[in-house]
Amino acid sequence: MGVAGHNDPLLGETTCGSLLQQLQLIWDEVGESDEDRDKMLLQLEQECLDVYRRKVDRASSSRAHLLQQLANSKSELTRLLSALGELSVSGIPDKTTGTIKEQLAAISPSLELLCKKRDSRVKEFADVQLQIQTLRGEITGNLQFGEHLETPHVNEDDLSVKKLNEFLFELQALQKEKSNRLNKILESVSSVHDLCSVLGTDFVGTVTEVHPSLDDSVGVQAKSISDETLSKLSKMVIGLQEEKSKRFTKIQALASQLSDLWNLMDAPVEECQPFHHITCNMSLTLDEVTVPGALALDVIEQAELEVERLDQLKASRMKDIAFKKQTELEDIYARAHIAIDSSAARDRIMSIIESSSFEPSELLADMENQIHKANEEALSRKDILERVDRWMLACEEESWLEDYSRDDNRYSATRGAHLNLKRAEKARVLVNKIPAIVDTLVAKTRAWEQEHGMPFTYDGVPLLAMLDEYKVLRQEKEEEKQRMRDQKKINDQLAAEQEKLFGSKLSPARPQSSRKVAGARANGGGGAVNGTPVRRLSALQSGGRTASRDGRRDVSRPVAPVNYVAIAKEDAASQASSNHTGPSTP
């Protein structure tokens, strides 16, 4: 205790020498032998060696660890540079001198920087690869709706920008492919929506049969774009288009039936108006039908029920409908101046309706066929009929011109005289064309008869016979005119001889014969030749026409009758007898 108390305040800093000195003092006080002292000293030296040896071992181990750490850092630095595709990093010292810790301290910042860069690059690779796998799954259809993929493993041996760009290029290609597929999907879904709207079917229920993600409630980017979805959707669009085409064809046929039935039965507008949404499809094309529900099944059913109702109503009103068709047929023949037996045709219709095997559709089809043939025949006769009208007009103008020429007051200054003069000028031009008109009409008629293998009749009278009779009558008329001119010359010569013999003109009684001749010429020459066609036309108007719808005769066009020549000859004979009486001799 004395030794310890002595050492603390005096020594200040304890060293090996001071401790050995204290140990010597203690041994002196104790009286230790030299031998014991040597043993103790030897033991102390051995213990000191052991301590130093442990310290050296620890120092060696620490140096080896630092060297390994330095080697690992350099190796990691090289690996990171290779993985990141970089040749070097700024901040790495070029020299490898200095202590181990100094070298570690110089490498550590660059290594830390590269590690951070590696981690960032790994994250980028993971994000890009995840997107690529997701897009591939969406395109192939392996990724189910609402499914999420795990983060893919990234190969850290190649984190270069070149490799990242390759992934990015692949990602862009897949994104473009997805965009194209999405556009196709959206277009197809839009087509399905429009078709379902027109057909009146449930759009959501229809489109989700292909894939649940095609519902409008699902976002665009989440919709299925797989090959299977595209194929099913395309087939669905084609199927709906075919269904639309079938329904459109059916609705058009029903609309046509409705229109025909309404026309047959003269249905009022109020009865037709509720079905306007059906009949309006008759004038549309398939692509123009876009109104929602226009081709719905209930609309088609509505049209079918109405057609069925009208068919039943048509059967009960078949007589009126058939007679209406017959009247239409008779009107066509009347306008074409074709004579038919209307009474026999109506009797035949009644017998068919009253027969046990009566079929309304067959009767109407037969009458429609007759109307079609009548229209074709009327069309083939149109050119000739127009020329007949022109001939008739020329004959009427010729008759008027004859009457006008006999009027002694035609040049007087009466009201409307100038209009008659103009008409007379035009009439002379037209009358001069009559021979050419007749010749052309004859040629046209013969060509028509040769083509159709049947005579061309005008209200039952052969037109060529009428034209031949007219030409004969016209020749007789010209001959009669020539005789009248010769007779006038004879009369003028007799009057001149009487004046020479008696030195004066005929007595007032003599001109009576002359006036009689003139009157006979006026009545015979004008009435028998020019006036006769008009009288004959008037006769034909009352007996040579076919019955019209209400049973009355059509008198719109006058024509020459069958007894055209006979009447003309009688008038000519009457004229000749009047002319042969001549003036009385003095």
Side-chain angles (χ1 to χ4, degrees), residues 1-126 150-161 163-164:
M1 293 295 294
V3 175
H6 173 74
N7 288 339
D8 291 338
L10 295 176
L11 291 176
E13 183 178 354
T14 303
T15 63
C16 290
S18 63
L19 291 174
L20 183 58
Q21 187 178 2
Q22 289 183 13
L23 186 58
Q24 290 288 348
L25 292 175
I26 294 171
W27 283 342
D28 289 341
E29 289 182 11
V30 172
E32 288 288 345
S33 63
D34 293 337
E35 186 180 355
D36 292 334
R37 290 184 179 188
D38 291 338
K39 287 181 181 179
M40 289 183 180
L41 288 174
L42 183 62
Q43 185 179 0
L44 285 175
E45 289 178 0
Q46 187 64 41
E47 290 177 356
C48 286
L49 286 174
D50 292 338
V51 170
Y52 278 110
R53 187 178 289 109
R54 286 196 299 272
K55 291 294 183 181
V56 170
D57 291 340
R58 289 178 182 176
S60 296
S61 177
S62 177
R63 183 189 61 181
H65 178 71
L66 289 176
L67 288 173
Q68 183 63 41
Q69 186 177 357
L70 179 60
N72 292 340
S73 297
K74 289 180 178 181
S75 176
E76 181 69 12
L77 184 65
T78 303
R79 190 185 69 81
L80 288 175
L81 288 174
S82 176
L84 295 173
E86 298 182 3
L87 299 177
S88 63
V89 178
S90 60
I92 298 178
D94 295 335
K95 60 181 181 177
T96 56
T97 58
T99 63
I100 297 175
K101 290 185 176 181
E102 288 176 351
Q103 294 183 38
L104 280 174
I107 292 177
S108 294
S110 300
L111 187 61
E112 184 178 356
L113 177 63
L114 289 176
C115 287
K116 290 181 179 179
K117 198 169 185 179
R118 177 200 60 191
D119 295 340
S120 175
R121 191 70 60 82
V122 167
K123 185 178 180 181
E124 289 182 35
F125 270 84
E150 297 180 357
T151 303
H153 173 72
V154 178
N155 181 16
E156 297 186 6
D157 293 336
D158 189 359
L159 300 175
S160 62
V161 176
K163 188 66 175 179
L164 180 61

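Below, each value reflects all heavy atoms present in this structure, side chains not excepted, and no hydrogens, waters or symmetry copies.
Rounded to the nearest 0.5 Å, atoms OG (Ser62) and CG (Leu67) are 9.5 Å apart. Note: Leu25 CG to Leu20 CG = 10.0 Å, rounded to the nearest 0.5 Å. Here OG1 of Thr99 is found 9.0 Å from CG of Leu66. Values are rounded to the nearest 0.5 Å. With rounding to the nearest 0.5 angstrom, the OG atom of Ser60 is 13.0 Å from the NZ atom of Lys55. Residue Glu32 holds its CD atom at 11.0 Å from CD of Gln24, rounded to the nearest 0.5 Å. To the nearest 0.5 angstrom, Leu42 atom CG is 10.5 Å from Glu47 atom CD.
Side-chain contact check for Gln68 and Asn72: at least one donor-acceptor pair (N or O, by modelled atom type) lies under 3.5 Å.
Here the closest heavy-atom approach between residue Phe125 and residue Leu164 is recorded as CZ-N, 3.4 Å.
Sparse packing is recorded around CZ of Arg63, with 12 or fewer heavy atoms of other residues, nucleotides or ligands lying under 6.0 Å away.
Between Asp50 and Arg53, at least one side-chain nitrogen of the basic residue sits less than 4.0 Å from a carboxylate oxygen of the acidic one, meeting the salt-bridge criterion.
Counting heavy atoms from C-beta outward, Glu124 and Val161 have side chains that stay 4.5 Å or more apart.
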